[in-house]
Protein chains: 2
Amino acid sequence: MSQTVDRALSILPLLAEGPADLGGVAERLGVHKSTALRLLRTLHEHGLVYRQSDQRYRLGARLISLAQEAMENLDVREIAHPHLVRLNEQVGHTVHLAVHEEDEVLYIDKVESRYPVRMYSRIGKPVAITVAAVAKLLLADLPENERRSVAEQLDYPMYTARSTPNADGFLKELAKVREQGWATDLGGHEESINCVAAPIRGADGRVVAAMSVSAPNVVVTAEELLTLLPLVRRTADAISGEYSGRTPVKEVTA
Amino acid sequence: MSQTVDRALSILPLLAEGPADLGGVAERLGVHKSTALRLLRTLHEHGLVYRQSDQRYRLGARLISLAQEAMENLDVREIAHPHLVRLNEQVGHTVHLAVHEEDEVLYIDKVESRYPVRMYSRIGKPVAITVAAVAKLLLADLPENERRSVAEQLDYPMYTARSTPNADGFLKELAKVREQGWATDLGGHEESINCVAAPIRGADGRVVAAMSVSAPNVVVTAEELLTLLPLVRRTADAISGEYSGRTPVKEVTA
DNA sequence: TGATGCGTTGCAATATCTGCAACGACCATT
DNA sequence: AATGGTCGTTGCAGATATTGCAACGCATCA
């Protein structure tokens, strides 16, 4: 809606790919160098981009700290955290909390496994939306038409042989997840890693977040992991209760 | 330099304080509601702000994932990470990696303590710049005049009785740190937590990052923690070597 | 049902941004 | 040491995108 701002903001994802010099930015933006310069300067003043010693631009520290604050404002996260920690103490494996927003599902909290073999993931990182158990729960809760349109827009990378291959399969999986009220990812993202997940609901019953327990095959088999399901669900329900109690209807994700 | 962009970007820190409605944003920006609306819309299109179900705006998920990518591009982080993990395996305590940029020092990586009592911190969070051991190392490396001007601009909150009280004390501390080549924080931020830190240098000898080991009093005394200093320094030096070997002169922070 | 508050839209005025061209700094090459 | 090339930077005049206004629609609430 605002051309100038639109252009300026387009610089950010561009720099997220890696540092770039003025000319490069101008070219990819399709504007004159002088224009790019002025935009970059403005971004720089706000700390969103940083100028390295070789004069090239990259994303700045302010962006990182803003994102940090953004996460700390999420009410679910705050409420859920102690529950995640407790669950982690009980089961030992990695515990994740994720939310859905627009077209992304991302981890907003994590408690690391106590086992030496750990799964790679990072708070703030978008999750593999077509296979992750938490993503299935979050998308399964969307109204039918949205679910369909989202499913059709997605890419379906075959991370492993068990990855969801296409929109059809994904929609079926979502239907199942929606009905049973929990989800799994059995080697769909990484061959040797399994997850079980449960939804966290707001006062209106809608899913506002999802949590999961993940563990590699070498630590526990998928069957063993599934025995934790009741515990995971109980934890999620406890968070739901506390969350809906504390917040009227409004707030957070969707 | 660009008014529109400047205004748009000013919305971000404002929303970082918490969700706000259109009127609120317009007022704090000092512009007409319609203007604020258009700016917010543009930010929204880029996913930097999100509109909650109660119509209020808050920071969006895209911001978080951008920040994530920003960190993953930092070369030091990538090189340092395995070393941090190894150090954590050896000593068990929390290990941090931090960089300095403009007026902030922030953690860009962290390996959690294996002990149950953990220190609170979070990747991307700006550190307490006047007391943290890593901050001292990063600032101590600045040229004298910059060091002075930074020191004088800072606030000196008394987190504990041992916090650095003022610019003078801070500059003295920086001088000491600069000379000895390592730093500590003994209860300056939280009464019961101590840290030892060492600098990571680029090929030109300048400090590009700093790493620390932190542990609460209840786990090890300050004296015991200090015995880890040689190990921490060796680790930092190893990272320095690898980092300066791999990168000409340029790149990263300053 | 009327009133208040909030978000939204179309429009005309003008302040703001754009692209150009020229400049200066720096580097590499000869 | 001089030359050519690359890249970032600046001032300017024209063009265009942005602004604030006022009116509207839509809620909620009395």
Side-chain angles (χ1 to χ4, degrees), chain A residues 1-12 14-15 17-60 101-102 203-204 206 247-252 254, chain B residues 1-12 14-15 17-60 101-102 203-204 206 247-252 254:
Chain A
M1 284 259 129
S2 164
Q3 190 190 62
T4 320
V5 178
D6 185 50
R7 285 175 172 167
L9 298 183
S10 303
I11 293 177
L12 300 178
L14 192 156
L15 291 185
E17 294 169 22
D21 59 18
L22 178 61
V25 172
E27 190 182 6
R28 292 204 42 189
L29 231 50
V31 299
H32 199 266
K33 280 188 306 180
S34 57
T35 304
L37 177 67
R38 284 181 285 248
L39 297 176
L40 282 164
R41 275 226 256 264
T42 311
L43 289 167
H44 180 89
E45 275 173 23
H46 287 258
L48 298 184
V49 309
Y50 179 73
R51 198 142 197 207
Q52 331 188 123
S53 42
D54 65 354
Q55 295 242 295
R56 290 189 305 164
Y57 295 91
R58 62 167 171 77
L59 295 178
E101 188 181 307
E102 311 285 354
D204 55 0
R206 302 230 20 211
T247 60
V249 172
K250 49 186 169 186
E251 303 262 56
V252 170
Chain B
M1 283 260 130
S2 165
Q3 190 189 59
T4 320
V5 178
D6 185 50
R7 283 175 172 168
L9 298 182
S10 304
I11 293 177
L12 300 178
L14 192 156
L15 290 184
E17 295 170 20
D21 60 19
L22 178 61
V25 172
E27 191 182 4
R28 291 203 44 188
L29 271 182
V31 299
H32 196 112
K33 281 187 306 180
S34 57
T35 304
L37 177 67
R38 285 182 285 248
L39 297 176
L40 282 164
R41 274 225 258 266
T42 312
L43 289 167
H44 180 90
E45 274 173 24
H46 286 258
L48 298 185
V49 309
Y50 179 73
R51 197 144 197 206
Q52 328 188 129
S53 41
D54 65 353
Q55 296 243 292
R56 289 188 305 165
Y57 295 91
R58 62 167 171 77
L59 295 178
E101 187 181 308
E102 311 286 353
D204 55 0
R206 301 229 21 208
T247 61
V249 172
K250 48 186 168 186
E251 303 261 56
V252 169

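Basis for what follows: all heavy atoms, side chains included, without hydrogens, waters or symmetry-related copies. Since this is a predicted model, take the numbers as computed values, not measurements. So you know, we letter chains A, B, ... as the sequences are listed, proteins then strands, and number each from 1.
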Within a radius of less than 6.0 Å around CD of A:Glu45, do more than 12 heavy atoms belonging to other residues, nucleotides or ligands occur? yes
Taking everything shown except A:Glu27 itself, do over 12 heavy atoms lie less than 6.0 Å from its CD?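 No.
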Sub-4.0 Å heavy-atom contacts from residues 36-48 of chain A onto DNA chain C, ordered by number: A:Arg38
Within residues 21-28 of chain A, the residues having a heavy atom closer than 4.0 Å to DNA chain C are none
Out of the candidates A:Leu9, A:Leu39, A:Thr35, only one should pair with A:Thr4 under the side chain to side chain contact (heavy atoms under 4.5 Å, CB included) rule; please name it. A:Leu39
Quick check: closest heavy atoms across A:Ala36 and A:Val31, and the distance to 0.1 Å? N-CG2, 4.0 Å
Minimum heavy-atom distance A:Val5-B:Thr42, with the two atoms named: CG1-CG2, 3.7 Å
Between [N] ([atom2]) and [X] ([atom1]): distance, integer Å:
| X | N | atom1 | atom2 | value |
| --- | --- | --- | --- | --- |
| A:His32 | D:dC12 | NE2 | P | 17 Å |
| B:Asp6 | C:dC17 | CG | P | 9 Å |
| B:Arg56 | C:dG5 | CZ | P | 19 Å |
| A:Met1 | D:dT16 | CE | P | 19 Å |
| A:Lys33 | C:dC17 | NZ | P | 21 Å |

Given C:dT18, D:dG20, C:dT16, identify the nucleotide with an atom nearest to the side chain of B:Thr4.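 So the nucleotide nearest the side chain must be C:dT16.
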Nearest to side-chain heavy atoms of A:Gln3, which nucleotide of D:dT18, D:dT9, D:dT19: D:dT18
If you measure from the Lys or Arg side-chain nitrogens to the Asp or Glu carboxylate oxygens, is any gap between B:Asp54 and B:Arg56 under 4.0 Å?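 Salt bridge present between B:Asp54 and B:Arg56.
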Polar atom pairs (N or O), protein with nucleotides 25-30 of chain D, under 3.5 Å:
none

Does any non-hydrogen side-chain atom of A:Met1 lie less than 4.5 Å from one of B:His44? no
Before giving the answer on side-chain contact (heavy atoms from CB on, under 4.5 Å), spell out for B:Ser10 and A:His46 the whole-Å C-alpha distance, their side-chain angles and the decisive distance to 0.1 Å. CA-CA 8 Å; B:Ser10 304; A:His46 287 258; 3.4 Å; yes
According to a strict under-4.0 Å criterion, is B:Ser34 in side-chain N/O contact with OP1 or OP2 of C:dT8?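 No, no such contact exists.
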Value for OG (B:Ser2) from CG (A:Leu40), rounded to nearest 0.5 Å, stands at 11.5 Å
From B:Arg28 atom CZ to B:Leu15 atom CG, the distance as rounded to the nearest 0.5 Å: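 Atom-to-atom, B:Arg28:CZ and B:Leu15:CG are 9.0 Å apart.
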Begin with the C-alpha distance, continue with both residues' side-chain angles, and end with the deciding distance and a verdict on side-chain contact (heavy atoms from CB on, under 4.5 Å) for A:Ile11 and A:Leu48. CA-CA 10 Å; A:Ile11 293 177; A:Leu48 298 184; over 6 Å; no
